[in-house]
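Here's the structure, in structure tokens; my notes come after.
Please read all numbers here as calculations on a predicted model, not as lab measurements. Remember, it's 1-based here, ligands and their atoms both numbered in the order they're listed.
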Amino acid sequence: MTENGWVDETSVRLRDGAAVQLRRLNDTDIDAVIELHDTLTDRERYLRFFTMHPTYLKTLAHKLTERNGKGYALGAFESGTLVGVANYVVSSKPDTAEVAVVVAHDDHMRGLGTTLLRRLAQIARHNGIRRFVADVLTTNYLMFKLLADAGLQPRHLRPSHGVVHLDVDLTGSASY
Ligand SMILES: CC(C)(COP(=O)(O)OP(=O)(O)OC[C@H]1O[C@@H](n2cnc3c(N)ncnc32)[C@H](O)[C@@H]1OP(=O)(O)O)[C@@H](O)C(=O)NCCC(=O)NCCS
């Protein structure tokens, strides 16, 4: 339990019956974050980072795992292995945060992405975040489906050069 009363760790059951722990990442998870991203195919890395060979994974792992009040990274762990991460980073507007989700390649389609995003939205609301934003490739139909499945409906879509700027009003989205 955090000082403001928020439970930082919870256990959920996926639709295949598997038990998964959801908890905030910390600095012991740096290697696990890198290993998770290593499982992605080139296409999946492209969908996430707009490049197939991001050179900043180590930096990203450090940023996701440091607790500095500028964001929140929620990890899904199965039998101790990190299988997914959903995170937000607070933008220059304190009630707005950029959101991203990634699930280990072999664990796609188990409901992990939806579960992580739903929970992250709940945590974000609790932490005073009112909007999620994200720049998503127009070809990343799974991200659009994921948002809809998580009860998050983007309000504004502005496609430009193959990228859509998503803007989700968390105050109007379903609460879980
Ligand atoms: C997008 C991503 C996070 C989805 O994670 P996931 O755990 O597979 O998502 P879920 O299992 O919750 O699936 C959500 C829906 O998409 C469907 N889906 C997931 N992967 C699919 C695939 N390869 N083909 C068809 N449908 C798929 C699921 O069946 C589910 O729909 P349903 O509830 O009707 O069954 C994952 O594909 C990923 O890590 N992609 C690479 C990174 C990325 O693109 N991130 C988003 C940009 S920040």
Side-chain angles (χ1 to χ4, degrees), residues 10-23 25 29 32-57 59-61 63-65 71-79 81-91 96-124 129 131-168 170 173-174 176:
T10 188
S11 185
V12 293
R13 212 161 268 285
L14 301 182
R15 56 192 173 209
D16 61 9
V20 169
Q21 273 67 50
L22 301 182
R23 70 158 170 83
L25 297 185
D29 300 314
V33 170
I34 294 169
E35 281 162 25
L36 188 163
H37 285 87
D38 281 346
T39 71
L40 299 179
T41 63
D42 283 352
R43 181 169 185 278
E44 288 159 359
R45 268 194 292 271
Y46 188 75
L47 290 172
R48 171 66 184 86
F49 300 108
F50 299 8
T51 171
M52 281 190 274
H53 303 292
T55 54
Y56 41 82
L57 278 184
T59 308
L60 175 76
K63 283 191 173 159
L64 287 176
T65 54
Y72 193 108
L74 182 67
F77 293 82
E78 186 173 21
S79 305
T81 300
L82 182 66
V83 288
V85 175
N87 80 290
Y88 69 74
V89 178
V90 182
S91 76
T96 302
E98 187 160 349
V99 67
V101 193
V102 65
V103 170
H105 177 76
D106 288 341
D107 294 288
H108 286 179
M109 296 186 73
R110 299 177 65 206
L112 275 165
T114 309
T115 302
L116 279 164
L117 199 55
R118 264 187 198 151
R119 179 72 175 166
L120 187 74
Q122 197 180 39
I123 292 167
I129 303 297
R131 314 193 78 80
F132 270 167
V133 294
D135 289 328
V136 177
L137 288 168
T138 50
T139 50
N140 197 350
Y141 68 94
L142 282 180
M143 186 58 180
F144 300 99
K145 178 148 180 40
L146 199 64
L147 285 162
D149 284 358
L152 305 173
Q153 297 297 343
R155 292 286 172 91
H156 308 290
L157 304 176
R158 282 185 273 131
S160 172
H161 304 289
V163 176
V164 177
H165 181 74
L166 302 183
D167 186 331
V168 181
L170 294 178
S173 302
Y176 293 89

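Between E78 and D107 there is a side-chain heavy-atom pair separated by less than 4.5 Å. Taking the side chain as every heavy atom from C-beta outward, L166 and V133 never approach each other to under 4.5 Å. Contact check for I123 versus L74: side-chain heavy atoms found under the 4.5 Å cut-off. Side-chain atoms of L60 and F49, non-hydrogen and from C-beta on, do get closer than 4.5 Å to each other. Two residues are said to be in side-chain contact when any heavy atoms from C-beta on lie closer than 4.5 Å; F77 and L25 meet this criterion.
Within a 6.0 Å sphere centred on CZ of F144, other residues, nucleotides and ligands contribute more than 12 heavy atoms.
Within 4.0 Å of ligand 1, the residues that place a heavy atom are R15, E44, L47, R48, A100, V101, V102, V103, H108, M109, R110, G111, L112, G113, T114, N140, Y141, L142, M143, K145, L146, D149, listed by chain and number.
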